[in-house]
Protein chains: 2
Amino acid sequence: MIFSSELIKGTMKTIVLKLLADNKKMYGYEITQRVKQLTMDKIQITEGALYPTLHALESEGLLTTETEYIGKRVRKYYSLSPSGKTRTKEKVIEIADFMETMQILLDIKPRTA
Amino acid sequence: MIFSSELIKGTMKTIVLKLLADNKKMYGYEITQRVKQLTMDKIQITEGALYPTLHALESEGLLTTETEYIGKRVRKYYSLSPSGKTRTKEKVIEIADFMETMQILLDIKPRTA
DNA sequence: CAAAAATACATAAGAATCCAATGTATTTAG
DNA sequence: CTAAATACATTGGATTCTTATGTATTTTTG
């Protein structure tokens, strides 16, 4: 099952931020592949969605970039800025809280891990 | 805390459908108040968001309506159609699955209820 | 009782966000 | 040598919700 896109709306930024928090630096294509792998293909971040998001986060000052050349190919690495780290924590907490609220509202029992 | 609106995007329809599954019939204003109450003010569904959603669900054939007069005031009740009931189950399962995936991705531990 | 708040419906313009499609270019695998 | 994978990016469009506005009735409160 691939989740309908409207569910992913609103979580894109947080997913990207969280991955960068766990991995120090990543480049765009790597992010799409990592999400695909971590979610067992349930969430597919397309490049048309990712790159605008990365640019938006960068212009908000949450990300910094460094460019590397792999042969002749450009690779653009993204990392969290200090404010990016703070914001990531806030956003993860917000989603966690939101999901608890939704579980009550939709009467979903969380699995005991 | 009120959740940033982009999180709620994509869950509106499911919230409305689930409330109707639990309550047989409800009217618009009642839905906004119930959500507010059930979520302890964390989710506020505005009327500008709700009515278009209700009309969309109705035109998809998931809801049926009946009008009542309370004094001179119109009250429009919404109920699930048979296909609405089916769809509600599907959508709740989808969100439950999505939330589990997000918990893995964001490394969130679900509370043991 | 008059004014304010709550109840109850609704629409319209706009912002935000993501998707699909498209484009370019390099590298690797068959 | 050709196809697939890697890697960047933009554009137009659809969807979805917000803000603002509008109308009207009923209830509460000073």
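Just so we're on the same page: letters track the sequence lines, and every chain starts at 1.
B/Glu94 places none of its side-chain heavy atoms less than 4.5 Å from the side chain of B/Glu90. Side-chain atoms of A/Lys42 and B/Asp97, non-hydrogen and from C-beta on, do get closer than 4.5 Å to each other. You'll find the side chain of B/Ile108 reaches within 4.5 Å of the side chain of A/Val92, heavy atoms only. The shortest side-chain heavy-atom distance between B/Leu54 and B/Ile31 falls under the 4.5 Å cut-off. For the pair B/Leu57/B/Tyr78, no side-chain contact is recorded, criterion being any heavy-atom separation below 4.5 Å from C-beta on. For the pair B/Lys91/A/Leu106, no side-chain contact is recorded, criterion being any heavy-atom separation below 4.5 Å from C-beta on.
Look at CD1 on B/Ile43: it is 12 Å from P on D/dC17, rounded to the nearest Å. Between the OH atom of A/Tyr51 and the P atom of D/dT11 there is a distance of 16 Å, given to the nearest Å. Rounded to an integer number of Å, the gap from B/Lys9 NZ to D/dT19 P is 11 Å. Whole-Å rounding puts the A/Glu68 CD to D/dA7 C1' distance at 13 Å. Spacing between atom NZ of B/Lys76 and atom P of D/dT25 amounts to 18 Å, rounded to whole angstrom units. Summarising the geometry, the separation between CZ on B/Arg75 and P on C/dT7 is reported as 11 Å, rounded to the nearest angstrom. Atom OH in B/Tyr69 sits about 12 Å away from atom C1' in C/dA8, given to the nearest Å. Here the C1' atom of nucleotide C/dA20 and the CD1 atom of A/Ile45 are 16 Å apart, to the nearest Å.
Residue contacts shown for A/Thr46 are limited to sugar-phosphate atoms, with no base heavy atom under 4.0 Å away. Using a 4.0 Å heavy-atom criterion, one finds that A/Tyr78 contacts the sugar-phosphate atoms exclusively.
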Would you give me the side-chain donor-acceptor pairs under 3.5 Å for residues 58-66 of chain A, sequence neighbours excluded?
from, atom 1, to, atom 2, distance (Å)
A/Glu58, OE2, A/Thr65, OG1, 3.4
A/Ser59, OG, A/Ala56, O, 3.1
A/Glu60, OE2, A/Lys13, NZ, 2.9

Can you give the donor-acceptor pairs under 3.5 Å from side chains of residues 16-30 of chain A to other protein atoms, not counting sequence neighbours?
from, atom 1, to, atom 2, distance (Å)
A/Asn23, OD1, A/Arg34, NH1, 3.2
A/Asn23, ND2, A/Leu19, O, 2.8
A/Glu30, OE1, A/Tyr27, N, 3.1

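Comparing the end axes of the helix from C/dC1-D/dG30 to C/dG30-D/dC1, each fitted to five base pairs by superposing C1' atoms of four pairs onto the next four, gives an inter-axis angle of 30° (nearest 10 degrees).
The stretch residues 10-34 of chain B touches DNA chain D through B/Gly10, B/Met12, each having a heavy atom under 4.0 angstrom from the strand.
Distance check, rounded to the nearest 0.5 Å: CD1 of B/Ile70 to CZ of B/Arg75 gives 4.0 Å. One finds the CE atom of A/Met102 at 6.5 Å from the CE atom of B/Met99 (value rounded to the nearest 0.5 Å).
Within the structure, ring-ring contact (aromatic ring centres under 6.0 Å, His included) pairs that include any residue of residues 31-69 of chain A do not occur (at least two apart or interchain).
Contact check, B/His55 against C/dC9: no side-chain N or O comes under 4.0 Å of OP1 or OP2.
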Once base and sugar-phosphate atoms are separated, protein heavy atoms under 4.0 Å mark nucleotides 25-30 of chain C, 5' to 3', with B, S and - as -BS---

